[in-house]
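Below, read A as the first sequence line, B as the second, and so on, with proteins coming before strands; counting in each chain starts at 1. Treat the numbers as computed from the prediction; the structure is a model and nothing was measured.
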Number of protein chains: 2
Amino acid sequence: MARTGRPREFDRDKALDAAMALFWAQGYEPTSLSQLKACMGNISPASFYAAFGSKEALFREIVQRYLETYGQVMAPLWDETLSPREAIEQTLRGSARMQTGHAHPTGCLIVLGASNCSPENHSVQYLLAAERARTRSGISACVNRAIAQGALADTPLTETLPAVFTAFLHGMACEARDGGSAEKLEAAIESLMRLWDSQSMVLSGSGHGGG
Amino acid sequence: MARTGRPREFDRDKALDAAMALFWAQGYEPTSLSQLKACMGNISPASFYAAFGSKEALFREIVQRYLETYGQVMAPLWDETLSPREAIEQTLRGSARMQTGHAHPTGCLIVLGASNCSPENHSVQYLLAAERARTRSGISACVNRAIAQGALADTPLTETLPAVFTAFLHGMACEARDGGSAEKLEAAIESLMRLWDSQSMVLSGSGHGGG
DNA sequence: GAATTTCTGGACTGAGTATTATGGAAGTTC
DNA sequence: GAACTTCCATAATACTCAGTCCAGAAATTC
């Protein structure tokens with residue numbers, strides 16, 4: 001049962017992808033309606049508002065789309081079939097590769113998408129901050145799970161691991177934006193994970209560094 | 001020999017401080033001339049342009065001012081009277097405390113000040129990117145110095161340390177902006193430095209963790 | 001006090017902002 | 001083909017943007 005009336009002439013999905021690239025590269029506020037309409041195939045204001053509602057509504061839809069596609073590199077955090085260590089390492093590595101990808105803007109839309117905002121757009125800023133908070137809790141949950149399983153020692157140091165991984169993860173957005181390569185970031189991740197291993201109570205496999 | 005003519009009525013330094021707070025909190029583009037003039041004491045456009053030249057010139061002056069004041073937390077990186085390890089730890093700790101301070105906006109102006117930019121302001125973006133590159137090279141220099149001194153092993157892992165510390169440092173801007181406390185960040189730094197110690201060839205003091 | 005210099009208030013550019021209104025064309029369903 | 005629904009192009013909304021200009025006022029130096 002197709003809808004009656006004249007169908008829209010442009011491809012809504014392709015328009016969304018083009019708009020995502022623009023928001024991703026420039027952020028929410030500096031991206032103007034003119035740019036958006038242009039990159040969507042020179043659609044008219046009327047078509048834009050009919051299809052997407054408003055600039056903010058479009059951005060919210062695009063954030064959702066981003067989370068369901070590129071953002072899936074964070075999925076391991078909530079995959080309890082993985083060991084907590086695997087979950088975190090896979091997330092970091094996947095994020096590093098995604099953010100340095102060459103088929104789209106570098107960096108992370110959730111970290112960089114609304115970092116510069118005037119007061120009237122705090123709601124957009126909050127949208128992304130809430131998603132970052134969700135990531136933080138996911139990382140914390142992994143560490144807590146590891147401690148509960150006895151895989152990780154319950155020490156003052158292990159309690160700091162969530163903050164270490166989170167700051168590093170969010171910092172990768174800056175490094176990727178500044179041109180850092182996936183290889184460089186992945187090598188850093190490999191080193192960072194030894195901090196976990198040094199507190200690991202499951203001593204199977206590689207040891208823990210040494211002087 | 002004071003300059004002749006009518007002196008300006010507002011305090012230029014105080015105006016700069018107020019403008020810095022605004023740019024720091026909102027970033028370059030979303031901060032409008034109206035907001036700037038208002039926070040500088042409702043000065044007129046004429047006074048503004050006479051005193052500061054343009055919005056971009058003001059921003060550049062403020063970045064310079066920031067580097068000479070708050071940005072001095074990075075100074076240990078180039079202080080060769082410090083051991084490389086001390087230099088990096090002091091920089092990270094100082095940065096954590098500064099960015100979470102309550103007397104000014106949270107986060108880091110150099111990381112967050114122009115992260116969202118339209119194409120016409122790439123020069124401003126570049127200004128901050130260059131400063132971040134300087135930081136990266138400072139961190140790398142510290143690690144290289146430690147290796148040259150024989151204080152740090154020359155291994156594949158130690159070669160990744162600059163990327164680890166840099167990503168973490170830049171990530172702190174996001175964490176501070178999202179409300180992370182100095183205590184939390186400093187605890188994370190303390191843990192992160194054990195990565196250094198695990199590769200340290202100077203085994204005086206604390207050992208290197210382990211389960 | 002006179003001459004000079006610089007600042008300030010306010011009106012004003014021209015361009016760009018997101019968004020809305022109008023009128024007619026195009027395509028759909030029955 | 002008729003009725004209907006939806007889309008699109010154009011124009012225009014009210015507003016903000018960074019930046020300019022001018023006339024007059026204020027403070028300086030001589």
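Protein atom CG of A:N42 is 13 Å distant from nucleotide atom P of D:dC8, rounded to whole Å. Nucleotide D:dA18 holds its P atom 13 Å from the CD1 atom of B:I43, rounded to whole Å. Counting to the nearest Å, the P atom of D:dT16 and the CG atom of B:L36 are 16 Å from each other. The distance between atom OH of B:Y28 and atom P of D:dC17, rounded to the nearest whole Å, is 14 Å. Look at CZ on B:F59: it is 14 Å from P on D:dA18, rounded to the nearest Å. One interatomic measurement links the two molecules: CD of B:E9 to P of C:dT8, which rounds to 5 Å at whole-angstrom precision. Between the CG atom of B:L58 and the P atom of D:dC17 there is a distance of 16 Å, given to the nearest Å.
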Determine whether B:F168 and A:F168 satisfy the following criterion, ring pair (Phe, Tyr, Trp, His ring centres under 6.0 Å), listing intermediate values before the conclusion.
CA-CA 4 Å; B:F168 181 89; A:F168 180 89; 8.4 Å; no
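In this structure, B:Q35 places its CD atom where more than 12 heavy-atom neighbours from other residues, nucleotides or ligands lie under 6.0 Å away. Within 6.0 Å of the CD atom in A:E190, the count of heavy atoms belonging to other residues, nucleotides or ligands does not exceed 12.
Taking the centre and axis of the six-membered ring of A:F23, the NZ or CZ atom of A:K55 falls outside the cone set by 45° and 6.0 Å. Relative to the six-membered ring of A:F10, A:R8 meets both conditions, a distance below 6.0 Å and an angle of at most 45° to the axis.
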Nucleotide by nucleotide, 5' to 3', does protein get under 4.0 Å of the base (B), only the sugar-phosphate (S), or neither (-) in nucleotides 10-19 of chain C, counting heavy atoms?
BB-----SSB
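Using a 4.0 Å heavy-atom distance criterion, B:F52 is classed as making no nucleic acid contact.
In this structure, A:Q99 and A:A173 approach most closely via the heavy-atom pair OE1-CA, 2.9 Å.
Salt-bridge formation is not detected for the pair A:E175/B:R132: no Lys NZ or Arg NE/NH1/NH2 atom is positioned less than 4.0 Å from an Asp or Glu carboxylate oxygen.
Distance CZ/B:F52 to CG/B:L16: 4.5 Å, rounded to 0.5 Å.
Under 4.0 angstrom from either OP1 or OP2 of C:dC7 there lies no side-chain N or O belonging to B:S47.
Contacts of residues 118-125 of chain A with DNA chain D (heavy atom under 4.0 Å): none.
Using cut-offs of 30° and 60° on the angle between ring planes, the pair B:F165 and B:W196 is tilted.
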